[in-house]
Amino acid sequence: MKSRSNLEWVLAAGHFALTGELGPPQSASAEVIRKKAEYYKGCVDAVNITDNQTAIVRMSSIASAAILAGLGLDPIMQMTCRDRNRIAIQSDILGAYALGVNNILCLTGDHQSFGNHPTSKNVYDLDSVQLIHMVRVMRDEKRFLSGDELKAEPRMLIGAAENPFADPFEYRVVRLAKKVAAGADFIQTQAVFDLPRFSRWMQMVRDRGLHERVYILAGVIPVKSARALEYMKNEVPGMSVPDELIRRMEAAGDPKEEGVRIAVETIQQLREVPGVAGIHLMPMMWEAIAPVVAERAGLLPRPALPAAGLAPASEGPPAGA
Amino acid sequence: MIVAERKSLDEILAMLQGCSRVLVVGCGTCVTVCMAGGEKEVGVLASLLRLAAQREGRTVEIGETTIERQCEWEFVDGLAPGIRGYDAVLSMGCGAGVQTIAQRFGGVRVLPALNTKFIGIPEKQGMWVEMCLGCGDCVLDRTGGICPVARCSKGLLNGPCGGSQGGKCEVSKDIDCAWQLIYDRLASLGRLDLLEAEFAPKDWSKNRDGGPRKVLREEVML
């Protein structure tokens, strides 16, 4: 095994994986993290911790992930290239691993103009492909990006994102291939509402044999209203939302229930797509719905670790590192 | 060319507070072409300064001159006769012009009338677009002659982020996605293979390496 990640164990054992997502608070309250964590206990294999998503300042993903690890959950620390240069990113990765974080999701990051500090200066010293490469070199070659030796390496499972709904469509699979070549172990996709387009993308993924080199987790967002869908269709760049889905939500007597039904149906359809290794559930600040969706999609109970626990990573557990 | 834009009159007037003799200096090169600081713009700004003073009942003397290039000593030297009679020089050159005049004339207050924006081109009448960041390590051979460092909102080197849709950038529908442009151009050149290889992290020491960058060419030194 590359890491002590629960997610890696689940995927390597051939289980259909389920990950969740937790947005840290716009405050210093650890209590918020603890409360949201409750929804995910026993319900997912690992939980993404967003890194100042949409460029709005929140509690750091590192600190939030460490709190989650302390609660016995397997956090996936999101790390964007927007706010840190290569020095800060490497430093934060070492620190996060020392605090018990075993997964990282390498992202470009939303542009700062979307957030609450639009006059800030962005960094983008690295892009997401270069970030993936850097983490892999740190872990597998025990070197910093500079080439200097790294004595106790961060044994993290490396994740990346891909968006089958962004353009140029034909290039998206090339970008995925670059991420896989750079060292991505798993991929989480943008939320799937447009199944035909996702299926076309997966066909291209399979044509290149990428599904055999990386675990692909398809993104699913349970929505509460037709308005939320319309917002995503019109205001969120890189989303594809079919009109018929919006009409279905509009016609529903109980939109929240309909949103859960759509999420469950989507999960069941995605499960049938060859090469999909799991689901990444993004409840977008509606974390309470995660166990409901997981239950109704037939994804519970989650696979439990063997009694002996995770085998130590080959270079020893973090405590000895 | 260097593209610049004039500061607001209010900002310029605030800078000039307490000055009654001001020399407005235009530049005949880039800022003339981008209609920000050439002879015509010097005339307009000088008139606006006189009018503003008149409204406030102040007496001012506004001199006007435009030199070929504010960024070269031989042209800046031409300002020597008479420049010291002014309270301030208001340069309508780019940032290099302002600083060249300031460096040449110690003790003279030199103020910027423009905001220097970027290295770019006039895309159409009245609209200029950034093309080059002066990063010091050109990558255009690998990107179909379209610069992702200057033209992608995130300066990405390994292809478009997940926010590229319909050829537009996630930041605004008014911004073309540089990577869509690169993709289309390389497709038309039959060179999409260039996009398969990983682009290594950029060497930013060639862009910001402590103090101003210098170019030394011994073969042309005297």
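Every chain is numbered from 1 and lettered A, B, ... according to where its sequence line falls, protein lines coming before strand lines. Quick caveat: nothing in here was measured; it's all calculated off a predicted structure. Below, all heavy atoms of this structure are taken into account, side chains as well, without hydrogens, waters or symmetry copies.
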Student: Looking at A:Glu230, I want to see if its CD is surrounded by more than 12 non-hydrogen atoms of other residues, nucleotides or ligands under 6.0 Å.
Tutor: yes
Student: Please round to the nearest 0.5 Å and tell me the distance separating atom CZ of B:Phe199 and atom NE2 of A:His133.
Tutor: 14.5 Å
Student: With a 4.5 Å cut-off on side-chain heavy atoms, are B:Pro160 and A:Arg172 touching?
Tutor: yes
Student: So, for B:Gly159 and A:Arg175, which heavy atoms are closest and what is the spacing to 0.1 Å?
Tutor: O-NH1, 3.4 Å
Student: One thing to verify: whether B:Glu198 and A:Arg136 come together as a salt bridge, which I'm taking to mean a side-chain N less than 4.0 angstrom from a carboxylate O.
Tutor: no
Student: Just wondering, do B:Leu195 and A:Tyr171 contact through their side chains at under 4.5 Å, heavy atoms?
Tutor: yes
Student: What part of A:Ala181 gets within 4.5 angstrom of chain B, counting heavy atoms only: side chain, backbone, both, or neither?
Tutor: neither
Student: Heavy atom to heavy atom, less than 4.5 Å: which residues from residues 104-127 of chain A reach chain B?
Tutor: A:Thr108, A:Gly109, A:Asp110, A:His111, A:Ser113, A:Phe114, A:Lys121, A:Asn122, A:Tyr124, A:Asp125, A:Leu126, A:Asp127
Student: About how many Å separate CD of A:Glu170 and OH of B:Tyr183, when rounded to the nearest 0.5 Å?
Tutor: 4.5 Å
Student: Would the number of heavy atoms belonging to other residues, nucleotides or ligands and lying under 6.0 Å from CD of B:Glu219 be above 12?
Tutor: yes
Student: Between B:Ala197 and chain A, which part of the residue has a heavy atom less than 4.5 Å away: side chain, backbone, both or neither?
Tutor: backbone
Student: Compare every heavy atom of A:Pro237 with every heavy atom of B:Gly163, then report the nearest pair and how far apart it is.
Tutor: O-CB, 3.6 Å
Student: Roughly how far, to the nearest 0.5 Å, is OG of A:Ser240 from CD of B:Gln165?
Tutor: 7.0 Å
Student: Any donor and acceptor pair, going by atom type alone, linking the side chain of B:Asn158 with main-chain N or O of A:Val129 inside 3.5 Å?
Tutor: no
Student: Rounded to the nearest 0.5 Å, how far apart are CD of A:Gln130 and CG of B:Leu156?
Tutor: 8.5 Å
Student: Do other residues, nucleotides or ligands put more than 12 heavy atoms under 6.0 Å from B:Met1 CE?
Tutor: yes
Student: Assess whether atom CZ of A:Arg208 is packed by more than 12 heavy atoms of other residues, nucleotides or ligands within 6.0 Å.
Tutor: yes
Student: Measuring heavy-atom distances to chain B, does A:Met239 have an atom under 4.5 Å in its side chain, in its backbone, in both, or in neither?
Tutor: backbone
Student: What is the minimum heavy-atom distance between A:Asp167 and B:Gly167, and which atoms define it?
Tutor: OD2-N, 4.5 Å
Student: I'd like to know whether CD1 of A:Ile87 has more than 12 heavy-atom contacts from other residues, nucleotides or ligands below 6.0 angstrom.
Tutor: no
Student: Give me each pair satisfying ring pair (Phe, Tyr, Trp, His ring centres under 6.0 Å) with a member in residues 189-221 of chain A, each pair once, sequence neighbours excluded.
Tutor: A:Phe198-A:Trp201
Student: With a sphere of 6.0 Å drawn around NZ of B:Lys168, does it hold more than 12 non-hydrogen atoms of other residues, nucleotides or ligands?
Tutor: yes
Student: Just how far is it from atom NZ of B:Lys202 to atom CZ of A:Arg86, taken to the nearest 0.5 Å?
Tutor: 10.5 Å
Student: Which atoms of B:Lys173 come close to chain A, meaning under 4.5 Å heavy atom to heavy atom: side chain ones, backbone ones, both, or neither?
Tutor: side chain
